[in-house]
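The structure presented is a predicted model; accordingly, all values stated were derived computationally and were not measured. Excluded from the calculations below are hydrogen atoms, water molecules and symmetry mates; all remaining heavy atoms, backbone and side chain alike, are included.
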Amino acid sequence: QVQLVESGGGLVQAGGSLRLSCAASGRTFSSYSMGWFRQAPGKEREFVAYISWSGGSIYYADSVKGRFTISRDNAKNTVYLQMNSLKPEDTAVYYCATRAGAYSGNAFYQAERNYAYWGQGTQVTVSS
C-alpha cells in the first residue's frame, strides 16, 4: 500500500518561508517521480513543482519559479518543497503525489491524471 504523508504546513506572514515534507512508503521511492500540487479555496488544484525519479529533471509553475525549490532525499524516502518569499496568493492546501510508473519520462508532468497516489494535504496560510 503506497502512502504519502505531508507535513510542514502552517501560518506564516508574507515574505516568510516554510518547508514542506512528503514521506513516502509502500514502494521503492527512488524509482518514482514526484510532484507537488496545491488547491486554493474555490479554485481547482494546480501544479506547483516536479522532480524526476533521478532528480535530474525539475520543473516549476511560473507562479513559484525563483521562490520555491523541490528536492528529494531517496535515503529518507522524502520529497521536500522549500517555499521562500511567500505571498498571500500561495495560501492553499498542498499535496504531494507520485507518478504511476517507475522510471517514467517527464511528459505531461503537470497533469494530475499521470499521478497515481496522493497525500492527504497540508494547509499553508500566508497572511498579509
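- Within the 4.5 Å cutoff, the side chain of Y32 has no heavy atoms near those of the Y117 side chain.
- For residues 69-97, no residue pair satisfies the ring-ring contact (aromatic ring centres under 6.0 Å, His included) rule, not counting sequence neighbours.
- Taking the six-membered ring where the residue is Trp, the centroids of Y50 and Y60 are separated by 6.0 Å or more.
- Two residues are said to be in side-chain contact when any heavy atoms from C-beta on lie closer than 4.5 Å; D90 and F68 meet this criterion.
- Side-chain contact between I51 and Y59 is absent, with no heavy atoms from C-beta onward closer than 4.5 Å.
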Counting only pairs under 3.5 Å, give me each side-chain donor-acceptor contact of residues 16-27, with atom names and distances, residues two or more places apart or in other chains.
residue	atom	partner	partner atom	Å
S17	OG	N84	OD1	2.9
R27	NH1	A100	O	3.4
R27	NH2	T98	OG1	3.0
R27	NH2	R99	O	2.7

Would S57 and N106 satisfy side-chain hydrogen bond (donor to acceptor under 3.5 Å, both in side chains), going step by step from the backbone distance to the final call?
CA-CA 8 Å; S57 295; N106 300 322; 3.0 Å; yes

Does T91 form a side-chain hydrogen bond (donor to acceptor under 3.5 Å, both in side chains) with E89? I'd like the steps, not just the answer.
CA-CA 5 Å; T91 295; E89 51 263 44; over 6 Å; no

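- Between Y103 and W53, a ring centre-to-centre spacing shorter than 6.0 Å is recorded.
- Contact annotation: the side chain of F37 never approaches that of Q110 to less than 4.5 Å [non-hydrogen atoms, C-beta and beyond].
- When atom types are taken as modelled, the side chain of E6 and the backbone of Q120 share a donor-acceptor pair closer than 3.5 angstrom.
- The backbone N or O of F29 sits nowhere less than 3.5 Å from a side-chain atom of S31 that would complete a donor-acceptor pair.
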